[in-house]
Amino acid sequence: MYGKLTASPGKRDELVLILLEASRSLKDMAGCELYIINESVDDPDTIWVTELWSDGEAHAGSLKNEEVLAVIQRARPLIAGAEQVRLRPVGGKGLDVSMFRNNQTGTAS
């Protein structure tokens, strides 16, 4: 999944710090294979988050975690807009797609 977050003007750096904190809290979370925060080179208010989960249930479960919910609450006031792009990984360097073949929903969150 790719998430495009538009920070409120002048708040991108603060939002990035919160997202980096979130990434540390996901370090040992079951099902979270990848969580990368990217800053847009062309737009000073845009952040892209790259997430890869073993399945939709793992992602949904993460959103019930108290630590994750607290980070979301802190980040929410800094976010002016959000878009989500759901994808299904099919292969590439560094990706063992066999872990996603049983995911019949067609997407890896």
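- Residue pairs meeting the side-chain hydrogen bond (donor to acceptor under 3.5 Å, both in side chains) criterion with at least one member in residues 62-71: none, sequence neighbours excluded.
- Annotation: the span from Glu51 atom CD to Met1 atom CE amounts to 5.0 Å, rounded to 0.5 Å.
- Interatomic distance, Asp13 CG to Ile18 CD1, rounded to the nearest 0.5 Å: 11.5 Å.
- Between Leu15 atom CG and Asp45 atom CG the span is 10.5 Å, to the nearest 0.5 Å.
- Scanning for side chain to side chain donor-acceptor pair (under 3.5 Å) contacts around Glu83 gives an empty result, with sequence neighbours left out.
- Atom OH of residue Tyr35 and atom OG1 of residue Thr50 lie 10.0 Å apart, to the nearest 0.5 angstrom.
- Put simply, the side chain of Tyr2 does not reach to within 4.5 Å of the side chain of Asn38, judged on heavy atoms.
- Hydrophobic clustering keeps Leu69 apart from Met29 (ILVMFWY residues linked when any side-chain heavy atoms are closer than 4.5 Å, directly or through intermediates).
- Of all non-hydrogen atoms in Cys32 and Trp53, the two that sit nearest each other are CB-CZ3, 3.4 Å.
- Considering only residues two or more places apart in sequence or on other chains, Ser40 meets the side chain to side chain donor-acceptor pair (under 3.5 Å) condition with none of them.
- Under the 4.5 Å side-chain heavy-atom criterion for Ile, Leu, Val, Met, Phe, Trp and Tyr, Leu26 and Leu63 are members of the same hydrophobic cluster.
- If you take CG on Leu17 and CZ on Arg12, they are separated by 11.5 Å, rounding to the nearest 0.5 Å.
- Applying the side chain to side chain donor-acceptor pair (under 3.5 Å) test to Asp43 and every residue at least two apart in sequence or in another chain returns Thr46.
- Here the closest non-hydrogen pair linking Ala58 and Asp55 is N-OD1, 2.7 Å.
- Residue Leu52 holds its CG atom at 9.0 Å from CD1 of Ile36, rounded to the nearest 0.5 Å.
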Using a 3.5 Å cut-off and no angle test, enumerate the donor-acceptor pairs between side-chain atoms of residues 4-11 and protein atoms at least two apart in sequence or in another chain.
residue, atom, partner, partner atom, Å
Ser8, OG, Leu78, O, 3.4

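- Listed by first then second residue, pairs satisfying side-chain hydrogen bond (donor to acceptor under 3.5 Å, both in side chains) with a partner in residues 18-29 read Glu21-Arg74, not counting sequence neighbours.
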